[in-house]
Amino acid sequence: AINVDGYLDSKEAALLEPYSDEPNNSGKLLCTEEGLAASFKQVFAAGVQPIILAMGDKAIDTTLNVIEQTPSEARFRIEQAAVLNKNLVKRLKKQNVVVSVQPKVISTEFTVWSATKRLGKERARWLHPLKTLIDEGVKVAGGSDCPMEPLSPLLGMQEVVLRAEFPEQRLSVEEALHLYTLDAAYASGEENVKGSIEEGKLADLTILSSDPKAVVPEKIKNISVEMVLVNGRLIIF
């Protein structure tokens with residue numbers, strides 16, 4: 001991945017305006033637009049997907065500035081894309097950029113890092129606005145940030161369904177499932193062979209003990225994996 005800025009917890013994520021509790025600190029860009037453009041050229045030359053880590057709104061703005069000036073049909077993916085605003089969401093959609101999130105990190109940023117205090121209420125409202133992104137047509141893929149956070153995608157699903165902070169950004173169970181299936185496959189350019197059970201796709205299947213849509217949301221994380229097949233081959237039973 002290409003790192004454009006640092007992390008929120010260390011206040012190194014690059015912001016357009018200073019941190020609310022540290023008015024002389026706006027984070028730090030680790031990569032200029034020129035440097036990012038040069039990195040894109042290297043990525044394209046290697047024939048791989050551009051994956052960019054950008055957390056703050058300034059870093060995301062910088063990334064989009066370069067993407068908008070890059071003639072390429074590559075599927076760009078931004079990891080984290082944490083601090084957003086209306087304009088950035090529209091630009092993400094226009095450029096078909098995939099946003100890759102780690103749902104357990106979201107609650108940690110509010111409960112452990114005190115995001116509302118560090119960013120201010122208005123900016124915190126735009127911290128990982130998953131429902132807004134999905135409603136606007138931005139593809140969102142789910143991950144874990146393991147080993148910093150637990151690996152379980154079921155826990156990640158529960159987190160976004162029961163989100164406590166700014167609950168208007170909660171997702172339905174169906175939307176949460178898409179983060180780890182169809183949209184995860186889209187993020188890696190494999191939506192034609194993975195992500196759903198359809199004729200012609202690989203037999204990559206996970207059998208769960210319960211339907212996540214049928215249990216109470218608080219028990220999604222307790223669902224167990226009973227069987228896993230990868231390309232039709234039994235891995236776990």
Side-chain angles (χ1 to χ4, degrees), residues 1-8 13-14 29-33 35-85 87-106 109 126-146 148-149 151 153 156-157 159-160 171 175-196 204:
I2 304 167
N3 286 18
V4 179
D5 66 345
Y7 288 87
L8 283 169
L29 285 174
L30 302 178
C31 192
T32 64
E33 290 189 16
L36 187 55
S39 294
F40 284 174
K41 288 182 179 179
Q42 290 180 319
V43 169
F44 297 147
V48 294
Q49 180 187 22
I51 299 175
I52 307 104
L53 192 150
M55 291 203 72
D57 48 10
K58 184 174 182 178
I60 299 165
D61 175 70
T62 297
T63 300
L64 288 170
N65 286 343
V66 180
I67 290 174
E68 288 162 355
Q69 298 169 25
T70 302
S72 173
E73 294 184 3
R75 186 168 292 172
F76 290 91
R77 187 170 104 206
I78 298 181
E79 293 290 329
Q80 307 283 354
V83 184
L84 294 169
N85 56 50
N87 181 52
L88 290 176
V89 171
K90 289 180 179 178
R91 291 169 68 192
L92 287 167
K93 168 58 178 173
K94 186 175 181 179
Q95 298 301 321
N96 295 316
V97 175
V98 178
V99 171
S100 176
V101 299
Q102 295 73 43
K104 187 67 182 73
V105 171
I106 300 173
E109 283 170 349
W126 286 93
L127 182 60
H128 297 293
L130 303 189
K131 181 64 174 174
T132 297
L133 286 168
I134 290 172
D135 286 350
E136 290 294 323
V138 177
K139 294 289 186 182
V140 181
S144 68
D145 207 36
C146 184
M148 301 303 294
E149 299 285 2
L151 179 62
M157 288 175 55
E159 288 286 323
V160 296
L171 302 186
E175 288 168 332
L177 275 168
H178 276 219
L179 298 187
Y180 292 94
T181 54
L182 280 167
D183 292 342
Y186 181 88
S188 60
E190 299 176 289
E191 70 274 17
N192 292 326
V193 293
K194 295 181 179 180
S196 60
D204 290 355

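Computed from a predicted structure; not experimentally measured.
Side-chain N or O atoms of Y180 include none that pairs as donor or acceptor with a backbone N or O of A141 at under 3.5 Å.
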If you apply the rule side-chain contact (heavy atoms from CB on, under 4.5 Å), what do you find for V138 with V97, and how did you get there?
CA-CA 7 Å; V138 177; V97 175; over 6 Å; no
As a quick check of understanding, evaluate side-chain contact (heavy atoms from CB on, under 4.5 Å) for L84 and V99, giving each step before the final call.
CA-CA 11 Å; L84 294 169; V99 171; 5.6 Å; no
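Comment: E191 does not engage K139 in a salt bridge, judged by the lack of any side-chain N to carboxylate O separation of less than 4.0 angstrom. Using a cut-off of 4.0 Å between Lys/Arg side-chain N and Asp/Glu carboxylate O, E68 and K94 are scored as not salt-bridged.
For the pair N65/L36, no side-chain contact is recorded, criterion being any heavy-atom separation below 4.5 Å from C-beta on. At a threshold of 4.5 Å between non-hydrogen side-chain atoms, the residues R91 and D61 count as touching. At a threshold of 4.5 Å between non-hydrogen side-chain atoms, the residues V160 and V101 do not count as touching. Taking 4.5 Å as the limit, every side-chain heavy atom of L171 sits out of range of all side-chain heavy atoms of V140. Contact check for L127 versus I106: no side-chain heavy atoms found under the 4.5 Å cut-off. Counting only heavy atoms from C-beta outward, the side chains of E159 and E149 never approach each other to under 4.5 Å. Proximity of D183 to I134: side-chain heavy atoms (C-beta onward) are nowhere separated by under 4.5 Å.
Below 30°, between 30° and 60°, or above 60°: for F44 and F76 the angle between ring planes is above 60°, a perpendicular geometry.
The CE atom of M55 sits 7.5 Å away from atom CG of D5, with the distance rounded to the nearest 0.5 Å.
Annotation: K131, atom NZ; neighbour count of heavy atoms from other residues, nucleotides and ligands within 6.0 Å is above 12.
With V98 as the fixed residue, the side-chain contact (heavy atoms from CB on, under 4.5 Å) test singles out one of R75, Q49, E79: R75.
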